[in-house]
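For reference, the structure discussed in these notes is given below.
Order of appearance sets the numbers: ligands from 1, and atoms from 1 within every ligand. Given the structure is predicted, the values throughout are model-derived calculations rather than measurements. Below, each value reflects all heavy atoms present in this structure, side chains not excepted, and no hydrogens, waters or symmetry copies.
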Amino acid sequence: MKQLIHGGRLLTAGRLAGEHANLLIDGDVILAVLPPDQRVTEDARRIDASNRLLIPGLINAHTHGTVNLAKALADRWSLELLLNAYPWTAGGRTLEYKHLSALIGAVEMVRKGCTACYDLVAEIPAPSVDGIEAVARAYDDVGMRAVVAPMMADVSFYRAIPGLLDAMLPPLRERAEAIRLQPYEASLATCRQLLTKWSWDRDRLRPALGPTIPHHCSDEFITGCGDLAKEHGIGVQMHVAESKVQAVVGMRRYGTTLVAHLHKLGLLAPNFTAAHAIWLDDDDIGRLADAGASVAHNPGSNFKLGSGLAATRKLRDRGVSIGIGTDGCASSDNLNMFEAMRMAAFSSRVQGPDPRHWLSAAEVFEAATIGGARALGLADRIGQLAPGYKADVVFLDLRSINYVPLNDPLLQVVFCEDGTGVDRVMVGGSMVVEGGAVVGVDMGRLVAEAASAAANLTEVNAGARALAQALEPVVLDYCVGLARRPYSVHRWCADPGH
Ligand SMILES: [Zn+2]
């Protein structure tokens with residue numbers, strides 16, 4: 001079936017002035033971008049986009065679907081306190097809860113103008129085929145695109161940080177020591193099984209692999225993931241140098257930076273995405289650029305956890321493709337890509353006094369669309385409103401207060417829009433949001449199910465919470481001590497704070 005979206009303004013790569021244009025869609029693909037006065041004689045269903053600004057669906061380059069039930073559980077947590085508490089905040093998920101959690105995230109994302117995401121799925125104690133399928137089904141239920149990757153480790157958080165266990169007193173030390181993760185061979189076997197039986201349309205839902213953090217994974221695990229990804233032509237995403245503690249630990253463990261270590265293991269390639277990528281030196285940035293790898297920049301999470309400021313200008317200038325992510329609800333609470341764009345722009349601006357080095361609205365918009373598409377491995381299909389691309393279209397209501405008055409569509413999308421202007425969202429030619437509501441989702445039921453799940457998880461995870469709280473003081477002191485060690489990063493501006 002053909003559809004004609006007419007009467008709207010178009011904001012996409014190469015058309016950043018937001019001028020009027022019509023979109024002719026055939027099935028799930030954009031057939032043509034037409035001048036507003038060109039008559040279409042073909043038989044096409046007409047969609048009136050008067051007073052609407054049409055943008056490509058935003059692409060969330062980094063999130064965690066199974067922790068959307070954990071939003072706003074914590075206030076002043078660093079990344080290390082978050083990882084300490086993970087068995088509590090992410091544990092106890094039945095298959096039903098994994099689906100429900102991913103559904104909550106998908107509803108929030110599409111409602112706020114995001115049509116595709118890269119999801120590193122946390123499952124405790126280990127990844128499962130059924131768990132990943134439950135998450136994929138949630139995205140399918142909402143009609144969103146997603147790259148779904150089991151997030152995995154074979155070294156516990158307490159063992160991953162040299163000296164942390166020794167800093168604990170018995171009997172807590174015994175309890176932390178007793179936490180052991182599944183051997184990597186078993187996790188790789190699960191991934192192999194998942195990849196073999198993957199039956200979803202890969203333009204809608206595709207698998208990837210997520211060995212979570214370099215020093216939380218043995219070298220054999222990381223290279224195993226790299227090999228498996230090559231064999232199946234899929235992506236790999238890891239959290240890389242997210243916190244200063246991680247960078248310091250990397251040096252101790254490997255005698256090199258984390259990126260240099262991954263480079264040595266042969267992991268850096270165009271199918272690789274480094275999430276966060278804050279504590280990098282110039283050579284690391286060069287390694288990522290030369291490999292054609294992407295960075296998933298998560299400014300909201302980086303601010304909330306106090307992780308630091310990613311050198312986005314330098315990454316971009318050196319040729320690293322940048323996508324923008326929200327991270328998961330356990331770390332940054334909301335999944336609002338408009339807010340993430342705004343923060344990405346701002347986080348580049350507090351790094352130096354010269355506005356010529358700041359990320360522009362156009363650069364940020366490109367990162368949230370084309371950059372994200374590259375990270376997801378879908379650069380030739382999504383991220384633009386142009387012939388041959390999928391019809392993933394967000395309709396922004398220009399009568400929303402965010403556009404009153406309309407001075408500059410691009411700058412208003414990046415600096416004024418907060419998701420409240422989203423009126424309709426189309427994915428692959430089908431509406432998934434109409435009049436601000438997610439099609440086919442009973443919000444009353446979702447609210448009730450989420451409340452019941454949250455209450456149940458409070459009970460189920462009470463023991464894990466008590467242990468995390470008992471361990472918190474020693475994790476806090478030890479990791480703050482590590483973070484106070486000198487570690488040099490090179491930036492385009494002198495930053496004596498590092
Ligand atoms: Zn993350």
Side-chain angles (χ1 to χ4, degrees), residues 59-74 77-91 93 98 101-102 104-105 108-109 114 116-124 127 132 135 146-153 157 160 208-217 222 225 235-247 258 262 272-280 293-310 322-337 339-340 343-344 347 372 375-376:
I59 297 166
N60 187 348
H62 181 75
T63 191
H64 303 286
T66 49
V67 293
N68 295 318
L69 287 162
K71 63 180 67 157
L73 281 186
W77 271 355
S78 63
L79 175 67
E80 284 68 37
L81 294 185
L82 181 148
L83 293 173
N84 172 59
Y86 224 55
W88 154 37
T89 59
R93 266 58 169 173
K98 288 170 192 175
S101 180
I104 291 169
E108 179 173 359
M109 283 188 270
C114 169
C117 74
Y118 204 137
D119 184 347
L120 268 60
V121 179
E123 288 188 81
I124 292 175
I132 298 294
V135 169
V147 173
V148 183
M151 185 166 90
M152 307 173 286
F157 165 68
L209 301 176
T212 183
I213 295 167
H215 50 286
H216 290 223
C217 298
I222 294 173
C225 286
V236 178
Q237 185 170 133
M238 296 183 84
H239 300 85
V240 181
E242 176 176 352
S243 69
K244 189 173 172 190
V245 170
Q246 294 188 342
L258 295 163
L262 296 177
F272 181 77
T273 304
H276 301 279
I278 297 169
W279 294 88
L280 310 181
S294 289
V295 159
H297 175 40
N298 304 288
S301 169
N302 298 345
F303 281 137
K304 184 173 185 218
L305 303 179
S307 301
L309 301 166
I322 301 175
I324 294 176
T326 59
D327 210 345
C329 281
S331 50
S332 60
D333 308 295
N334 76 27
L335 308 179
N336 186 338
M337 280 297 293
E339 183 187 281
M343 285 207 210
S347 76
L376 269 61

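- Between H216 and F157, the angle of the ring planes lies from 30° to 60°, which puts this pair in the tilted group.
- Aromatic ring orientation, W88 versus W77: perpendicular (interplanar angle above 60°, classes split at 30° and 60°).
- Contact annotation: the side chain of S301 approaches that of E242 to within less than 4.5 Å [non-hydrogen atoms, C-beta and beyond].
- Within the protein, the N, O or S atoms lying under 2.8 Å from the Zn ion (ligand 1) are H62 NE2, H64 NE2, H239 NE2, D327 OD1.
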* Asked: Can D327 and S332 be said to form a side-chain hydrogen bond (donor to acceptor under 3.5 Å, both in side chains), step by step?
  -> CA-CA 6 Å; D327 210 345; S332 60; 5.6 Å; no
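- Scanning both residues, A330 and Y86, for their nearest heavy atoms gives CB-CE1, 4.4 Å.
- Here E339 pairs with nothing under the salt bridge (Lys or Arg N to Asp or Glu O under 4.0 Å) rule; sequence neighbours left out.
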